[in-house]
Asker: 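Next up is a structure, given as structure tokens.
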Amino acid sequence: MPPIVHFSSETTREKHWDSIVAIHSDLVQATTWSFDKRKMGDLKLVTEKFKDGKRRDFKAFATCLNMTHCGNFIIIGYSNGDVERFNIESGIHRATYGSPAHSNDVRGVWVDNLNQVVITGGVDCQLKFWNFKNEVKSPLGVMKMHESILFLRGHRESSMLCVAFEDFSVHIVDYDTKVTVRKFIGHTAPITDACFSPDSRWLITSSMDCTVKTWDIPSSYLIDHFRMSKFCISLTMSPTGDFLATAHVDFLGIYLWANKTLYEHISLR
């Protein structure tokens with residue numbers, strides 16, 4: 001199979017059915033996996049219009065995805081602007097957002113904590129908000145951004161959404177009020193990943209400039225910055241906030257970094 005480029009997972013239903021959905025390089029189908037059973041699932045998530053060969057004129061592929069907090073649904077964005085929702089247990093297609101949702105590549109999708117709103121971002125510099133339950137042709141709202149969107153990362157408990165752009169900047173959007181509340185500028189190369197701390201006070205970003213930066217969201221300060229020999233391609237913070245895990249280009253290992261604020265007093269000014 002082609003290499004996996006992105007996956008999404010939730011632990012809520014991992015004992016009942018597959019809890020991981022992955023997308024592959026240049027492949028329209030998404031695959032399901034079970035963490036509990038340690039194996040690949042039987043489902044291949046793909047819509048009818050790609051399954052029956054009607055769309056041979058345009059080779060679309062899955063570009064991003066996000067699993068709902070309840071573990072029942074997966075939202076997938078595609079390179080032709082489509083955004084589709086599938087049921088994970090059965091693999092049945094449930095909804096289409098927009099016709100299509102974006103005019104070009106969909107770069108990020110996000111679902112709020114209560115399955116009320118689907119948020120999509122694309123190369124067309126637009127952040128769109130859709131009603132989750134209904135199959136709608138028009139969005140609830142649109143935010144016009146200054147640059148093409150690179151990816152979306154969210155924090156469901158605080159309703160904050162990290163939007164990374166192709167000009168190396170990062171914005172934080174409050175998706176309840178649909179307002180940009182913070183702008184962080186400092187990286188000098190494309191941003192590869194970002195994550196929130198569990199208490200949503202920090203945003204940690206990595207870039208191809210071989211740096212990892214920690215931004216304090218309430219004060220808007222850059223409070224930590226360190227450089228590595230190889231740039232970080234993926235990072236996440238542990239649920240208790242005591243470790244940061246990073247993966248690097250050309251390295252098989254995963255690095256763990258300790259949170260210094262747990263062991264000594266660190267001034268954030």
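Below, each value reflects all heavy atoms present in this structure, side chains not excepted, and no hydrogens, waters or symmetry copies. Here the structure is a predicted model, which means the values were calculated and not measured.
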Asker: Under 3.5 Å, is there a donor-acceptor pair between the side chain of His155 and the main chain of Phe196?
Answerer: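 No; zero donor-acceptor contacts below 3.5 Å.
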Asker: About how many Å separate OG of Ser34 and NE2 of His16, when rounded to the nearest 0.5 Å?
Answerer: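 Rounded to the nearest 0.5 Å, the NE2-OG separation comes to 12.0 Å.
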Asker: Would you mind checking if Arg156 and Glu10 are paired as a salt bridge, meaning a charged N to carboxylate O distance below 4.0 Å?
Answerer: yes
Asker: Quick one: are Arg201 and Asp216 in side-chain contact, heavy atoms under 4.5 Å?
Answerer: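 Of all side-chain heavy-atom pairs linking Asp216 with Arg201, at least one is under 4.5 Å.
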Asker: Can you confirm whether Lys39 is buried at NZ, in the sense that more than 12 heavy atoms of other residues, nucleotides or ligands lie under 6.0 Å from that atom?
Answerer: yes
Asker: Does Thr68 reach the main-chain N or O of Phe73 with its side chain, forming a donor-acceptor pair under 3.5 Å?
Answerer: yes
Asker: Using the ring-ring contact (aromatic ring centres under 6.0 Å, His included) criterion, which residues pair with His6? Sequence neighbours excluded.
Answerer: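 For His6 there are no ring-ring contact (aromatic ring centres under 6.0 Å, His included) partners, ignoring immediate neighbours.
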Asker: If you group Ile, Leu, Val, Met, Phe, Trp and Tyr whenever their side-chain heavy atoms sit less than 4.5 Å apart, what else falls in with Ile20?
Answerer: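 Traced through the cluster, Ile20 reaches Met1, Ile4, Phe7, Trp33, Phe35, Met40.
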Asker: Among side-chain atoms of Thr192 and Ser206, is any donor-acceptor pair under 3.5 angstrom?
Answerer: yes
Asker: Side-chain contact test, heavy atoms from C-beta onward, threshold under 4.5 Å: evaluate it for Val163 versus Val170 and give yes or no.
Answerer: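 No; the side chains remain at least 4.5 Å from each other.
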Asker: Between the main-chain N or O of Asn115 and the side-chain N or O of Lys133, is there a donor-acceptor pair closer than 3.5 Å?
Answerer: yes
Asker: Between CG of Asp82 and NZ of Lys49, what distance do you get to the nearest 0.5 Å?
Answerer: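 Going from CG on Asp82 over to NZ on Lys49, the span is 3.5 Å.
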Asker: Flag the pair Trp130 / Val111 as yes when at least one side-chain heavy-atom distance between them is below 4.5 Å, and no otherwise.
Answerer: no
Asker: Is the side chain of Asp112 donor-acceptor paired with the backbone N or O of Gln116 at a distance under 3.5 Å, no angle test?
Answerer: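 Judged by distance alone, yes, a pair lies under 3.5 Å.
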Asker: Heavy-atom count check: over 12 atoms from other residues, nucleotides or ligands less than 6.0 Å from Lys44 NZ?
Answerer: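 More than 12 within 6.0 Å, yes.
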Asker: For Phe184, what residues pass the ring-ring contact (aromatic ring centres under 6.0 Å, His included) criterion, not counting sequence neighbours?
Answerer: Trp215
Asker: Quick one: CD1 on Ile172 to OG1 on Thr180, what's the gap to the nearest 0.5 Å?
Answerer: 10.0 Å
Asker: If you measure from the Lys or Arg side-chain nitrogens to the Asp or Glu carboxylate oxygens, is any gap between Lys59 and Asp26 under 4.0 Å?
Answerer: no
Asker: Just so I know, are the side chains of Thr214 and Leu222 near enough to count as touching, which here means a heavy-atom distance under 4.5 Å?
Answerer: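 Of all side-chain heavy-atom pairs linking Leu222 with Thr214, none is under 4.5 Å.
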Asker: Given 3.5 Å as the limit, does a donor-acceptor pair link the side chain of Thr211 with the main chain of Arg227, or not?
Answerer: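 Side chain of Thr211 to backbone of Arg227, a donor-acceptor pair under 3.5 Å: no, none is there.
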Asker: Can any side-chain N or O of Ser238 pair as donor or acceptor with the backbone N or O of Phe243 at less than 3.5 Å?
Answerer: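 Here the side-chain-to-backbone pair exists.
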Asker: I'd like to check Trp202 versus Thr261 (side-chain heavy atoms, cut-off strictly below 4.5 Å). Are they in contact?
Answerer: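 SC-SC contact between Trp202 and Thr261 confirmed.
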Asker: When rounded to the nearest 0.5 angstrom, what is the spacing between OG in Ser19 and CE in Met67?
Answerer: 6.5 Å
Asker: Check for me whether Arg85 meets the cation-pi criterion with Phe132, that is, NZ or CZ under 6.0 Å from the six-membered ring centre and within 45 degrees of the ring axis.
Answerer: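 Positive - Arg85 is close enough to the ring of Phe132 and near enough to its axis.
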Asker: Which donor-acceptor pairs under 3.5 Å do side chains of residues 143-152 form with protein atoms, sequence neighbours excluded?
Answerer:
| from | atom 1 | to | atom 2 | distance (Å) |
| --- | --- | --- | --- | --- |
| Lys144 | NZ | Asp124 | O | 3.4 |
| His146 | NE2 | Asp167 | OD2 | 2.7 |
| Ser148 | OG | Val123 | O | 2.8 |

Asker: Using 0.5 Å steps for rounding, measure from the CG atom of Asp209 to the CZ atom of Phe231.
Answerer: 10.5 Å
Asker: Please list, chain by chain and in numerical order, all residues satisfying ring-ring contact (aromatic ring centres under 6.0 Å, His included) with Phe226, sequence neighbours excluded.
Answerer: Trp257
Asker: With a 4.5 Å cut-off on side-chain heavy atoms, are Met228 and His248 touching?
Answerer: yes
Asker: Does the Thr12 side chain pair with the main chain of His69, one donor and one acceptor, at a distance under 3.5 Å?
Answerer: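 Side chain of Thr12 to backbone of His69, a donor-acceptor pair under 3.5 Å: yes, one is there.
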Asker: Taking atom CD of Gln126 and atom OG1 of Thr120, what is their separation to the nearest 0.5 Å?
Answerer: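 The distance works out to 9.0 Å.
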Asker: Is the number of heavy atoms from other residues, nucleotides or ligands under 6.0 Å of Lys37 NZ greater than 12?
Answerer: no
Asker: Treat each ILVMFWY residue as a node, draw an edge where side-chain heavy atoms are under 4.5 Å apart, and state whether Leu127 and Val106 are in one component.
Answerer: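 No, it is not one cluster - the side chains of Leu127 and Val106 are not joined through contacts under 4.5 Å.
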Asker: Is it the case that the side chain of Trp17 and the backbone of Gly71 share a donor-acceptor pair, with hydrogens and angles ignored and the cut-off at 3.5 Å?
Answerer: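 It does hold such a pair.
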Asker: Going by the rule ring-ring contact (aromatic ring centres under 6.0 Å, His included), which residues pair with Phe129 if we only count those two or more places apart in sequence or in a different chain?
Answerer: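 Not a single residue meets the ring-ring contact (aromatic ring centres under 6.0 Å, His included) criterion with Phe129.
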Asker: Can Arg153 and Asp193 be counted as an ion pair, charged N to O under 4.0 angstrom?
Answerer: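 Looking at Asp193 together with Arg153, the answer is yes, because their closest N to O distance falls below 4.0 Å.
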Asker: With no hydrogens and no angle check, just 3.5 Å: does a side-chain donor-acceptor pair link Asp176 and Ser159?
Answerer: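 Yes, a side-chain donor-acceptor pair sits under 3.5 Å.
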Asker: More than 12 heavy atoms of other residues, nucleotides or ligands under 6.0 Å from NZ of Lys183: is that the case?
Answerer: no
Asker: For Ser207 and Pro190, indicate whether the former's side chain and the latter's backbone hold a donor-acceptor pair under 3.5 Å.
Answerer: yes
Asker: With a 4.5 Å cut-off on side-chain heavy atoms, are Ile74 and Leu45 touching?
Answerer: yes
Asker: May I have the step-by-step check of side-chain hydrogen bond (donor to acceptor under 3.5 Å, both in side chains) for Thr47 and Glu84, ending in yes or no?
Answerer: CA-CA 8 Å; Thr47 57; Glu84 313 287 351; 4.9 Å; no
Asker: Asn87 side chain to Glu89 main-chain N or O, any donor-acceptor pair under 3.5 Å?
Answerer: yes
Asker: Can you tell if the side chain of Val212 reaches within under 4.5 Å of the side chain of Ile204, non-hydrogen atoms only?
Answerer: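 Yes - at least one pair of side-chain heavy atoms lies under 4.5 Å apart.
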